[in-house]
Amino acid sequence: MTRRRRWILSVGVVVVLAVLLATLVRVFAADIYTVNQVSMEPTLNDGERMLVVKDYPGAHGVQTGDVVVFDGEGSFDPYQGGPSLSRSLERIGHWVGIGSPPGVYVKRVIGSEGDLVVCCDETGHLTVNGEQLIEPYLDYQISPATPASEMSFEARVPAGRMWVMGDNREASVDSRDLLGAPGGGMISQDRIIGRATQVIWPWGERRKLEGDTQ
């Protein structure tokens with residue numbers, strides 16, 4: 001074998017190993033997702049890219065305050081059935097860094113299994129198991145006149161599910177809108193993709209997500 005062929009073979013092996021390693025990291029450890037919605041403003045803005053860790057919920061379990069990315073098919077979106085060309089193209093686009101896969105949502109966990117989530121107390125705050133929920137990530141001051149949610153509700157979260165809401169309460173489709181649907185607004189934890197921990201792009205907007213509990 002000539003020196004040129006050995007060099008080409010070595011480069012090829014390095015490239016294959018690098019692609020394999022990157023694939024393993026993105027599948028099992030962490031991935032990058034693009035925000036394609038305004039429901040999490042001001043915490044996350046449309047078009048920003050966030051780092052999503054896959055070792056979630058892990059030993060800590062799903063915690064109030066966590067920002068989670070999940071597959072909304074069957075809850076926020078209708079079931080799509082088998083694969084389609086458009087969905088395949090969207091998933092390929094995510095893999096190469098263009099957008100996020102179809103039906104992917106990012107919301108904040110308000111309550112997990114066993115929690116009683118109520119809106120709102122006399123001060124306008126959400127309560128979880130009778131304890132007032134302090135939400136510094138909202139872009140307004142909670143008060144009786146400006147409550148944490150305009151919609152009143154009381155929900156007990158069953159095992160294996162979670163109650164999620166967007167930080168931009170007026171522009172968020174979330175568990176409140178699914179109260180009359182099967183599951184009562186609760187998202188199955190089996191649909192979780194991972195926990196969003198920080199914004200990594202644009203470069204000048206890099207930051208850890210406020211309210212992150214882990």
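Worth knowing before you read on, the calculation uses all heavy atoms, side chains too, and leaves out hydrogens, waters and symmetry mates.
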With a 3.5 Å distance limit and no angle check, can you tell me whether [X] reaches the backbone of [Y] through a side-chain donor-acceptor pair?
X: Arg156; Y: Gly114; answer: yes
X: Tyr137; Y: Pro42; answer: no
X: Asp66; Y: Val109; answer: no
X: Arg176; Y: Arg169; answer: yes
X: Glu154; Y: Val118; answer: no
X: Glu48; Y: Asn45; answer: yes
X: Thr146; Y: Gln141; answer: yes
X: Thr34; Y: Gly47; answer: no
X: Ser39; Y: Gly166; answer: no
X: Asp71; Y: Glu73; answer: yes

Close side-chain approach of [X] and [Y], heavy atoms under 4.5 Å:
X: Arg108; Y: Asp167; result: yes
X: Ile193; Y: Tyr56; result: no
X: Val67; Y: Met50; result: no

Does NZ or CZ of Arg206 fall inside the cone over Trp203's six-membered ring, less than 6.0 Å from its centre and within 45° of the axis?
-> yes

Indicate the atoms forming the closest heavy-atom contact of [X] with [Y], along with that distance.
X: Met40; Y: Val106; answer: CG-O, 3.4 Å
X: Gln37; Y: Val104; answer: NE2-O, 3.8 Å
X: Tyr105; Y: Gly72; answer: CD1-CA, 3.9 Å
X: Glu135; Y: Ala148; answer: OE1-CB, 3.6 Å
X: Val117; Y: Gly111; answer: CG2-CA, 3.9 Å

Hydrophobic cluster membership, with links at side-chain heavy-atom distances under 4.5 Å among I/L/V/M/F/W/Y: are [X] and [Y] in one?
X: Val68; Y: Val173; answer: no
X: Leu179; Y: Met186; answer: yes
X: Met151; Y: Ile110; answer: yes

To the nearest 0.5 Å, how far apart are [atom1] in [X] and [atom2] in [Y]?
X: Phe70; Y: Gln189; atom1: CZ; atom2: CD; answer: 12.0 Å
X: Met165; Y: Lys107; atom1: CE; atom2: NZ; answer: 10.0 Å
X: Ile192; Y: Ile187; atom1: CD1; atom2: CD1; answer: 10.0 Å
X: Leu133; Y: His125; atom1: CG; atom2: NE2; answer: 8.0 Å
X: Leu209; Y: Arg195; atom1: CG; atom2: CZ; answer: 9.0 Å
X: Asp46; Y: Asn168; atom1: CG; atom2: CG; answer: 11.5 Å

Could you go through the side chain to side chain contact (heavy atoms under 4.5 Å, CB included) check for Cys120 and Leu126 one step at a time?
-> CA-CA 5 Å; Cys120 291; Leu126 299 175; 4.1 Å; yes

Full working for side chain to side chain contact (heavy atoms under 4.5 Å, CB included) between Asp115 and Ser112 | CA-CA 6 Å; Asp115 287 339; Ser112 58; 3.5 Å; yes

